[in-house]
Amino acid sequence: MPSRRTITGLTAWAALGLVAGADAPAREATAPVLNATRAALKAEGTVRVVCFGDSVTGLYYHTGGRRTYTDMLGIALRTAYPGADVSTINAGISGNTTRDALARIDRDVLSHKPTLVTVMFGLNDMTRVPLEDYRANLIEIVNRCRAAGAEVLLCTPNNVITTPERPVERLLTFCDEVRACGRRLDVPVCDVYAALESRREHDPLAWRLGMSDQIHPNMNGHQRIAEAIARAITGAAVKLADVPLPSPLLPTVAARLKAGQPIRVLAMPPMNDLLAPAFLAEAPDANLKVTTWPTAGKTLPDLEQDAKTRVRPLAPDLVVLAIPRASKASTQESFIYSYAWTMNWSLSFGESRWDCVVVHPSVFAADPSSAADDDLVRRLVRAQDLPLIDRPPGDDRPAAEILRAWFHQPPWQSE
């Protein structure tokens, strides 16, 4: 028998026509629709969307510090309606509850005169806001937005890896409240929880690789969130898996090169020695100051803890992660967790203040016996929205040549 989690989530998801099926169009026809927003998109008019939320919405290290589902949503809407003038505004702040949301709604949301406000809170409310207050706050947020002339799309929070502070069972009650508010107020609901839960049930590893930690999705997860919200807005499916990395790949390096400033690099071996020749071949006037990040004899959890204490206090301009194959973890879950957190701790907390690039271990030595872990590394880095220097299949060039080729199209120049 399906779990309560499955029944609750997917029933609500199907109710909006967001699960494929023969009767999906009929379901969608009976659900609330964002008529004004859809009309503006179809008329190629101006559409301003404000995404209102907590740290899952806000710009933090979980997604590489350069973009979030807000940006992905803009890409999705412009893909579906290329003639429309679409802008998306991120109004997410770490740690916020619906109480905090009401205190800043005028400044951070309504001042932008939005066409549409997406509202996704709950992961912090569930830890310190009573359910009845959460309900009242959601109603007040909807009413304030409507009074200002904006449509509203309520979103359930994303699913999580259960912890004592955020057990799934309690999260479900908050998701149910979002759905109930949608019915009570005749407001469309995008069931983000159900969309991601469906992915977890069909492919647990793929879902896990979309999480930066126990509660925050990485960019892979944010793409899924944006796809779900875009479909709730437009009624059409847009896929975002192939959206390229933001350009330039190394914006902090680009700014410091342009200003003639030194570039402080923190690099794991052997990149502490190999980086400068490849870099300086394309930027001979650059002033690189390289600090070595030792990795010899360290497990992957060791490197995770090392990253936590080493990178942010140093605040370099460029971090080069070259985690060796010898840095093992005891289980696949431990590998995923520690690799993700090594990347997380190698980034600034909020908006990116320095660059980070990952060098795949195959660059230094191809090893067919490590194919499974090698692929896992590629998926983790891509999910984090970070650039990866990799060895192309069948390429037997020395590491120095692969690096030289990667820097030949300078990653500090915009495409």
Side-chain angles (χ1 to χ4, degrees), residues 59-68 71-72 74-75 218-219 242-293 307 310-312 314-323 342-364 377-378 380-392 395 397-415:
L59 183 58
Y60 297 98
Y61 59 87
H62 311 295
T63 56
R66 297 184 66 184
R67 55 187 184 176
T68 72
D71 305 277
M72 293 293 110
I75 292 171
N218 55 30
M219 179 50 69
D242 295 329
V243 174
L245 291 170
S247 179
L249 297 178
L250 305 178
T252 300
V253 169
R256 295 188 72 84
L257 279 173
K258 184 176 180 180
Q261 297 171 326
I263 298 167
R264 297 163 301 142
V265 181
L266 177 63
M268 293 180 174
M271 287 302 296
N272 56 326
D273 294 324
L274 294 175
L275 175 69
F279 193 108
L280 295 173
E282 302 302 327
D285 295 331
N287 180 6
L288 298 183
K289 298 183 180 297
V290 180
T291 299
T292 299
W293 179 347
R310 182 183 297 269
V311 182
R312 291 183 186 172
L314 184 62
D317 304 310
L318 173 64
V319 178
V320 183
L321 297 177
I323 298 172
T342 301
M343 292 188 291
N344 286 341
W345 289 121
S346 296
L347 299 162
S348 53
F349 176 76
E351 185 174 358
S352 176
R353 294 193 289 113
W354 58 80
D355 301 331
C356 181
V357 61
V358 182
V359 186
H360 195 275
S362 66
V363 169
F364 311 113
V377 168
R378 293 182 179 101
L380 282 164
V381 177
R382 183 69 183 91
Q384 191 71 24
D385 217 28
L386 294 178
L388 175 69
I389 304 176
D390 200 356
R391 178 180 292 276
D395 191 329
R397 290 175 298 169
E401 291 186 23
I402 292 175
L403 293 169
R404 177 71 182 269
W406 194 81
F407 280 97
H408 184 62
Q409 298 291 333
W412 48 82
Q413 291 183 6
S414 298
E415 295 182 354

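Worth saying up front: this structure is predicted, and the values here are computed from it rather than measured.
Using a 4.5 Å heavy-atom threshold, the side chains of Gln409 and Glu415 count as separate. Within the 4.5 Å cutoff, the side chain of Leu245 has no heavy atoms near those of the Arg66 side chain. The closest side-chain heavy-atom distance from Arg256 to Pro262 is below 4.5 Å. Contact check for Phe364 versus Leu274: side-chain heavy atoms found under the 4.5 Å cut-off. The closest side-chain heavy-atom distance from Arg404 to Glu282 is below 4.5 Å. The shortest distance between side-chain heavy atoms of Leu347 and Leu386 falls below 4.5 Å. Looking at Leu249 and Trp406, their side chains come closer than 4.5 Å, going by heavy atoms from C-beta outward. Under the 4.5 Å side-chain criterion, counting only non-hydrogen atoms from C-beta, Val357 is in contact with Ile389.
Heavy-atom minimum distance, Leu288 versus Ala276: CD1-CA, 3.9 Å. The minimum heavy-atom distance between Ser346 and Trp354, with the atom names listed, is O-NE1, 2.8 Å. Shown here for Pro316 and Arg264, the closest heavy-atom pair between the two residues is CB-O, 3.6 Å. For the residue pair Ser352 and Gly64, the shortest heavy atom distance occurs at CB-O, 4.2 Å. When every heavy atom of Arg378 is checked against every heavy atom of Leu388, the shortest pair comes out as CG-CD2, 4.0 Å. The nearest pair of heavy atoms linking Pro269 to Asn272 is CA-OD1, 3.1 Å.
Taken to the nearest 0.5 Å, the CG atom of Leu59 stands 10.5 Å off from the CZ atom of Phe349. A distance of 8.0 Å separates CG in Leu403 from CG in Leu275, rounded to the nearest 0.5 Å. Considering OG1 of Thr252 and CG of Asp355, their distance stands at 4.0 Å, rounded to 0.5 Å. Distance check: Thr342 OG1 to Ile323 CD1 gives 4.5 Å after rounding to the nearest 0.5 Å. Between Asn287 atom CG and Ile263 atom CD1 the span is 8.0 Å, to the nearest 0.5 Å. The CD atom of Glu401 sits 13.5 Å away from atom NE2 of His408, with the distance rounded to the nearest 0.5 Å.
Electrostatic pairing of Asp385 and Arg67 counts as a salt bridge here, judged by a charged N lying under 4.0 Å from a carboxylate O.
No donor-acceptor pair under 3.5 Å is formed between the side chain of Asn218 and the backbone N or O of Gln384. Listed for the Arg391 side chain is a donor-acceptor partner under 3.5 Å among the backbone atoms of Asp395.
No more than 12 heavy atoms of other residues, nucleotides or ligands lie within 6.0 Å of CD in Glu351, so this atom counts as exposed by the packing criterion.
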Chi angles and distances behind the side-chain contact (heavy atoms from CB on, under 4.5 Å) call for Tyr61, Cys356: CA-CA 11 Å; Tyr61 59 87; Cys356 181; over 6 Å; no
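For the pairing with Leu321, the side-chain contact (heavy atoms from CB on, under 4.5 Å) check across Met268, Met271, His360 returns one residue only, Met268.
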